[in-house]
Amino acid sequence: MIYPAAGSMLYMLLELITAFLFGGLLLGLHRKIIARIQGRPGPPIVQHLIHTFKFYIKELTIPETSSMPLYVAIVLALSAVWVLAFLVGPVLLGPFSIIIMCYAVHKVSEHGIGLASGSPYTKMGSTRAVLSATAEMPLIVAPALVFFKTHTLVLSDIINYQILHGSLFMDLPLAAIATFILLLSKTPFNPFGIVWGKDIVSGYKTEHFGVIRGVMMFGEILGFFVLLWCFLTIFFGGIFNTPLTIMLTMIGVTIILGFICALTPMIAPYHSVMIQWIFALLALINVLFI
Amino acid sequence: MKIQKQTKNRILAVLTTLPILIGIILNTPLVISVAILTFFVPPSTYYLGLVLMALPKSKKEEDEREKITFTGY
Amino acid sequence: MNDILDLNSYIIGHVLFGDIVPYLTPFSLALVITIVVFTIFLALSKPELRSVTRFGEDVVRTTTVGKKEAKFRRFMTILCGVALIGVVTTGDIFNFTLFVSLVGITNVGIFAVVKDTHVLDAAFQYGLVMMICSLPLFGGVALILAKTGTLSLGVLAGIPGNPVLNVGRMLLLVGAVGEGALAPFFATKVEMIRAKGAPYINMMHLSSLMVFTRLIEILFIVG
Amino acid sequence: MALNDTVVPALVPQIFINFYPIAIVVAIVVAVIGFTGLVLEKNDFQKILIVQIPILAMYMIVSAVGTDLAEALILPGMVVSLAELLAVSEILISREITRREKEGEPLRVLNFEYEPINMEVLKTAIPVTCIVSVIYGVILTGFTGGAVAGAGILIYLFAGRTKGFSNEFWEEMAGISGVAWVFWLLGFLIYFIAPQYWLVALFMSGGGIIIKVALKLGLLGILGREEYNR
């Protein structure tokens, strides 16, 4: 059997598909755990993937009020951004700054998805997306601390540093917690998910059905996978640096996230922003004992 | 000449999938393959999905599709 | 260019232009492509029909942006995209500050013709914040210039950090955050995006996040 | 002071280096005054005016550096802050118009009429002031000289009585300013292509820029005259 060479396009494509399937299973597990904690049997673990594929054979309607071609393009941008982040991060171990950019563009896409349909619910969701852009604060703090500590932001160098000097979690625990909050705010049913809160129907996703929702879910699954991977690699790169250990820890972290999401209610918009700020400031305190 | 929507979607699906296939066959350099994957994976999934969606599945569904759907406010 | 290399692994290319060296790394290339693609799509899109409901009525009304208004705002959107490309490719902090101010001005321009008192009020407040923030923005750059005698990022990357540079960096951070309507100064932005015209509003959000992403890189490089 | 151990070129005299911390402190004081004013003021229009005080502090901080690079920075900084000012005041106007249209308040059209100030000095001293500033500008040469000479021409056109040259003459002058600009550019080109002729290049660019800047400022005066004093 011939394996595709690392760095060739086929290899990257296969990795992409693997990550998508694995991420989908993780999110399914996440749902299952929430259901079990709440005393329900819950959907099977493959449900999230089935859900994504189901949308591919459903009728696509584009609202007459929507602003074309932005309505379609912005969803494609959302998934393209996470494809790029996946290729630069887990596959090529490239510069971390590109992943920061991808996260930022993800925020822009959320905002654009909400605005483009013209519905008041999606508009509300996108307004909250702007409001919750304060979640970018841990995003500036965590890389800054990592950079001051390791003097590099290239992921392969960060991993090498951690293999030599031990995991960064020991040095930057508060920054790791802030990044964990960032990760939490990207999982479904999380306490900070004011953007897709059920009080505004489905937030910015309200008007998106059919194929376009499928593409959106594809992007979100990849995004969850990439963020989880980045969190583990940057703060625990010294311990978990083989594919198997990373996959096992990802399952572990997903279980923790499931517990948090199941046990906490949705927080009001301003409180959500405030709590994220508090964690970012906590991470700043970490500067004192670098 | 007015192209039918279904035909247009099929053409676009082929056009967006082709660069990926070409890239796999030609074994393109790293930066170019990253660019190709980033730019063409989401639209190809979108257009393939559109083609998949439009395939007739059963007579009943076909009849249902004839009805006027809700198109917005 | 050691800090730039630490951040980006390698430099694709640079234009030797005296003291100011515009350079292209994988990071800035990704930013440029993102901005170009977004600007093209945002400029091509037609504004959405905003549906509005009122209490006591069983009707959903739709409103949209007028043709003349849309034309001006589209122009400002494209201009904002061009300024953003300047922000992400320049290899000189002073050019960075100028382009950031330009982004702020075009952002105000996007909202200048909206016929809505709330939006205009918020835009006015944002304009005031923007003008105030030009003090820390240019002041920080001037401090860095006074300390190091250069503004080129390539040279600054090799100069080790010191307290005065840190003060300059902090001022630069405050200034750019204010000009781009970022985290602590973004209260007006939430109010401003109530306006109609999805593509144009989205450009504002894109611009502030792109400025933010580039700002992180610049803060790391200086000192 | 810590600010003094800067990496400034050896050519900068000690006195300027000693002035730097003082300039920064003054700028900070100015900024504090401006911010206090902004906090206390409630009127939006007044706020725009007061916001110019922190911007003034910004000019001070930049110009305190005092090298040629700082001189190159101050001009774009001014242009940017001017553009911001224009944009924000445009928003204010637009907001007021929208608000009044909504509330049904009639729009008062302000009628500015040009009234020349009647002072004897403005009639008698203008030609001499103009000639002196033009001569001084020629001695200074370069950009600054052009500005000084241009200011002289501006005074003549704005305040002086409309005698002597016709409108056509000033339009021809504008054409000459274009030609001078080309000289300036050619001078720079010679610097790059044939550095051994640097003296010619210096004269071309120096002379070109003074004529260009002086006549461009004069053009401003023509605009003013054509608008109000036709």
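Letters A, B, ... mirror the listed sequences (proteins, then strands); counts begin at 1. Everything quoted here is computed from the prediction, not taken from an experiment.
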Visitor: Can you check whether Thr213(C) reaches Ser97(A) side chain to side chain, under 4.5 Å on heavy atoms?
Guide: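 SC-SC contact between Thr213(C) and Ser97(A) ruled out.
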Visitor: What are the residues of residues 41-49 of chain C, in order of number, with any heavy atom under 4.5 angstrom from a heavy atom of chain A?
Guide: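 Residues in range: Phe41(C), Leu42(C), Leu44(C), Ser45(C), Lys46(C), Pro47(C), Glu48(C), Leu49(C).
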Visitor: Report the residues that fulfil side chain to side chain donor-acceptor pair (under 3.5 Å) with Asn160(A), sequence neighbours left out, ordered by chain and then residue number.
Guide: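 Partners of Asn160(A) by the side chain to side chain donor-acceptor pair (under 3.5 Å) criterion come out as none, since no residue qualifies.
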Visitor: Are Lys186(A) and Glu110(A) close enough for a salt bridge, meaning some N to O gap below 4.0 Å?
Guide: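 Salt bridge flag = yes for Glu110(A) with Lys186(A).
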Visitor: May I have the list of side-chain donor-acceptor pairs in residues 73-94 of chain A shorter than 3.5 Å, sequence neighbours left out?
Guide:
residue: Ser79(A); atom: OG; partner: Val75(A); partner atom: O; Å: 3.2
residue: Ser79(A); atom: OG; partner: Leu76(A); partner atom: O; Å: 3.3
residue: Trp82(A); atom: NE1; partner: His106(A); partner atom: ND1; Å: 2.9

Visitor: Could you list the donor-acceptor pairs under 3.5 angstrom formed by side chains in residues 195-206 of chain C, with sequence neighbours left out?
Guide:
residue: Asn202(C); atom: OD1; partner: His111(A); partner atom: ND1; Å: 3.3

Visitor: Quiz question: by atom type and distance under 3.5 Å, do the side chains of Asn107(C) and Ser207(C) form a donor-acceptor pair?
Guide: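 The criterion, which ignores hydrogens and geometry beyond distance, is satisfied for Ser207(C) and Asn107(C).
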Visitor: Can you tell me which of Ser117(A), Ser156(A), Pro143(A), Pro69(A) forms the most heavy-atom pairs within a distance under 4.5 Å of chain C?
Guide: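 Option with the top pair count is Pro69(A).
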Visitor: For each of Ser109(A), Ser66(A), Ala104(A), tally heavy-atom pairs with chain C at distances under 4.5 Å, and name the one with the top tally.
Guide: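 Between Ser109(A), Ser66(A), Ala104(A), the count favours Ala104(A).
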Visitor: In this structure, which one of Phe231(A), Phe279(A), Phe235(A) forms a ring pair (Phe, Tyr, Trp, His ring centres under 6.0 Å) with Phe180(A)?
Guide: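 When ring pair (Phe, Tyr, Trp, His ring centres under 6.0 Å) is applied between Phe180(A) and each of Phe231(A), Phe279(A), Phe235(A), only Phe231(A) qualifies.
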